Amino acid sequence: MAGMTSVVRLLERHKKEFSEILNSKLLQKLETVGLLNAEDRRILDEAESPAKCADGLISIISRKGYPAFQDLCLSLETICPHL
């Protein structure tokens with residue numbers, strides 16, 4: 001679990017940039033690969049701001065562990081290869 005702490009710190013450090021790229025296309029991809037379930041997606045869609053959405057996604061990833069972080073990274077490479 002110590003590895004997850006560093007993952008969460010990394011995501012927190014880049015939360016501003018992360019919140020700027022969160023969009024429907026990325027969230028759809030995360031749902032397609034199984035990282036997000038319907039309830040997760042509903043919570044993120046109802047977030048008050050992109051920053052709150054990023055907070056929610058970071059929370060989801062930290063709960064689901066390192067494999068979820070890997071799924072996020074692969075999805076980011078597909079949707080946002082410039083990152």
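As the structure is a computational prediction, the values presented were derived from the model and not from experiment.
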Quick one: side chains of residues 30-39, donor-acceptor pairs under 3.5 Å with protein atoms, not counting sequence neighbours, listed by atom name and distance.
residue : atom : partner : partner atom : Å
E31     : OE1  : R41     : NH1          : 3.2
T32     : OG1  : Q28     : O            : 2.9
T32     : OG1  : Q28     : NE2          : 3.4
N37     : OD1  : E39     : N            : 3.0
N37     : OD1  : D40     : N            : 2.7
E39     : OE1  : R42     : NE           : 3.2
E39     : OE2  : R42     : NH2          : 2.5

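The CZ atom of F69 sits 10.5 Å away from atom CD1 of I58, with the distance rounded to the nearest 0.5 Å. With rounding to the nearest 0.5 angstrom, the CG atom of L26 is 6.0 Å from the CD1 atom of I79.
One hydrophobic cluster, built from ILVMFWY side chains closer than 4.5 Å, cannot hold both I61 and L74; they sit in different ones. Following chains of ILVMFWY side-chain contacts shorter than 4.5 Å, one cannot reach L27 starting from I43, and the two form parts of different hydrophobic clusters.
By the side-chain contact (heavy atoms from CB on, under 4.5 Å) test, A47 pairs with K52, C53, sequence neighbours left out.
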